[in-house]
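As a basis for the values below, the full set of heavy atoms in this structure was taken, side chains included, without hydrogen atoms, waters or symmetry mates. In the text below, chain A, chain B and the rest are named by the order of the sequence lines, each starting its count at 1.
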Amino acid sequence: MGLKEKIAMRAAQEINDGDIVNLGIGIPTLVADYIPKNKSVFLHTENGLLGVGPTPLPEEIDPEIINAGKLPVTALIGASYFSSSESFGMIRGGHIDVAILGALQVAENGDIANWAIPGENILGVGGAMDLVAGAKKVIVTTQHCTKNGEPKILPSCNYPITAKGVVKLLITEYAVFKFENNQMILEEILDDTMTLQQIKAITPANYTISQSLKMLQK
Amino acid sequence: MSKVVSIEEALTHIKDGDTIAVGGFGLVGCPIKLVDGLSERPVSRLTIISNNLGEPGGLGLGKILHQNKISKAIGSFFTSNIDAVKYANEGKLEVELVPQGTLAERLRAGGAGIGGFFTKTAAGTLLAKGKESRIIEGEEYIFESPLIPDVALIKAKKADTYGNLIFSKTARNFNPDMAKAAKITIVEAEEIVEVGQLNPEEIVVPHLFVNYVVNGGN
């Protein structure tokens with residue numbers, strides 16, 4: 001299993017039976033593959049569909065059924081279509097239980113930056129700001145560091161933020177952090193080759209270590 | 001009392017400097033024949049309200065952009081069309097970036113006679129710059145104004161000759177919100193039927209929001 005799949009699999013454990021879930025592009029999209037079959041989960045896509053099903057076979061693609069990444073999807077039994085204003089009313093109105101998104105940076109106070117890079121022209125935001133401001137629980141799935149090995153989990157974001165203090169859970173290939181009462185807490189270590197010191201070394205954000213820290217058994 | 005006209009006739013209502021809302025999420029739900037028709041009209045300095053600005057290679061609204069007919073774009077995600085990014089970087093296109101849900105709600109407000117609204121979306125971010133903010137029940141909200149386009153170009157699955165509309169799957173997206181917001185609404189319908197053939201329980205946009213219907217075919 002790749003690192004991205006590992007992160008997605010851990011994120012899927014956060015989803016409860018009956019949840020309405022919105023999955024972002026990238027690692028979040030993979031989460032759908034790991035939702036246990038015995039759980040009844042409804043996927044929402046902000047371009048106007050509740051009840052997103054799996055990717056269709058090439059010969060079964062309906063060009064009018066797409067997700068927010070403009071990729072072809074299917075609509076499950078019991079699905080519904082609606083307008084953009086209604087879709088975002090669902091989001092802002094707190095009717096989405098869980099939103100899982102990627103991030104460029106996450107700060108120790110739960111700020112998230114995932115839409116713009118300083119110095120580049122800012123020409124796209126999509127539904128990211130609406131989702132993080134409106135969903136009941138915001139989960140970030142991301143690789144712990146950038147491709148160049150730079151830290152992404154910081155005392156404060158230096159990229160433009162998407163929303164202030166909204167992240168509830170952060171899942172990387174190495175660890176799971178919880179954000180509670182303005183504190184960032186290391187809850188789990190997901191890689192048995194990593195020590196607490198090694199995680200600290202790649203995580204400039206200030207965090208405490210949970211009393212009930214879970215570690216993978218060797 | 002039929003509202004059915006030719007594409008050419010409908011588009012004579014668009015004037016230099018108008019603000020035009022164009023439906024669609026990418027090209028899904030975009031009234032391509034009306035957009036193509038617009039490319040043949042001698043209009044300039046248009047402000048376009050649309051989630052995206054066509055696709056690379058001059059598809060959809062990209063065609064109008066290439067003709068230098070668009071001076072400003074209001075929408076949520078322009079990075080999917082590299083040409084839009086290029087025009088913006090060269091200073092040929094003014095961009096007002098709006099979170100996707102805020103865009104939909106500003107249109108909804110425009111159509112419903114609401115003079116604006118407060119939303120948590122984008123509070124504390126770069127996109128809140130210059131906007132009135134207010135603390136409501138302990139959380140920061142920002143004020144967003146309504147959008148009332150001069151003309152909306154809409155794609156529908158079926159219209160009757162009065163202008164009652166139904167849509168198809170995720171091709172619905174911004175179309176109903178834009179149809180309701182604009183001073184003049186022009187609908188490209190894949191199929192036009194006689195009055196009485198649409199089920200009144202299933203009509204998504206009632207005819208009073210629609211001024212002209214053109215036959216777009218499939």
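- Within the 4.5 angstrom heavy-atom criterion, no atom of A:Ser80 approaches chain B.
- A donor atom on one side chain and an acceptor atom on the other are not found under 3.5 Å apart for B:Asp177 and A:Ser84.
- Neither the backbone nor the side chain of B:Asn175 comes within less than 4.5 Å of any heavy atom of chain A.
- No part of B:Glu96 comes within reach of chain A, as not one of its non-hydrogen atoms sits under 4.5 angstrom from that chain.
- Ranked by non-hydrogen atom pairs under 4.5 Å with chain A, the options B:Ser168, B:Pro176, B:Ala122 are led by B:Ser168.
- B:Asn51 and B:Ser76 form a side-chain donor-acceptor contact under 3.5 Å, judged by distance and modelled atom types alone.
- Comparing A:Ser83, A:Ala133, A:Pro160 by how many heavy-atom pairs each has under 4.5 Å with chain B, the most go to A:Ser83.
- With no hydrogens or angles considered, no side-chain donor-acceptor pair links A:Asn148 and A:Thr146 at under 3.5 Å.
- B:Val98 touches chain A through its backbone: at least one of N, CA, C or O sits under 4.5 Å from a heavy atom, while the side chain does not.
- Of all the listed residues (A:Leu131, A:Leu49, A:Asp62), the one sharing the greatest number of non-hydrogen pairs under 4.5 Å with chain B is A:Asp62.
- Your options are A:Ala113, A:Ala75, A:Gly126, and the one with the most heavy-atom pairs under 4.5 Å with chain B is A:Gly126.
- A salt bridge does not link B:Arg172 to A:Glu86: none of the charged nitrogens lies less than 4.0 Å from a carboxylate oxygen.
- Both the backbone and the side chain of A:Ile66 come within less than 4.5 Å of a heavy atom of chain B.
- Neither the backbone nor the side chain of B:Glu139 comes within contact range of chain A, judged by heavy atoms closer than 4.5 Å.
- Interface residue B:Val85: backbone and side-chain heavy atoms are both found under 4.5 Å from chain A.
- One distance of note links CG of B:Asp18 with CD1 of B:Ile20; it measures 4.5 Å at 0.5 Å rounding.
- Ion pairing between a basic and an acidic side chain is recognised when a charged N comes within 4.0 Å of a carboxylate O; A:Glu173 and A:Lys4 show no such pairing.
- A:Glu46 and A:Asn22 are linked by a side-chain donor-acceptor pair at a separation below 3.5 angstrom, with hydrogens and angles left out of the test.
- Top candidate by heavy-atom pairs under 4.5 Å with chain A, chosen from B:Ala104, B:Gly101, B:Ala88, is B:Gly101.
- Ring geometry for A:Phe82 against A:His44 counts as parallel: the plane angle stays under 30°, on a 0 to 90° scale with 60° as the upper cut.
- At a 4.5 Å heavy-atom cutoff, the contact between B:Thr102 and chain A is made by backbone and side-chain atoms alike.
- Counting only N and O atoms by type, the side chains of A:Thr172 and A:Lys152 include no donor and acceptor under 3.5 Å apart.
- Among the candidates B:Asn89, B:Asn52, B:Asn173, B:Thr79, the residue making the largest number of heavy-atom pairs closer than 4.5 Å to chain A is B:Asn173.
- Using a 30° and 60° split on the angle between ring planes, A:Phe177 and A:Tyr207 fall in the perpendicular class, above 60°.
- Of the atoms belonging to B:Pro99, heavy atoms from both backbone and side chain fall under 4.5 Å from chain A.
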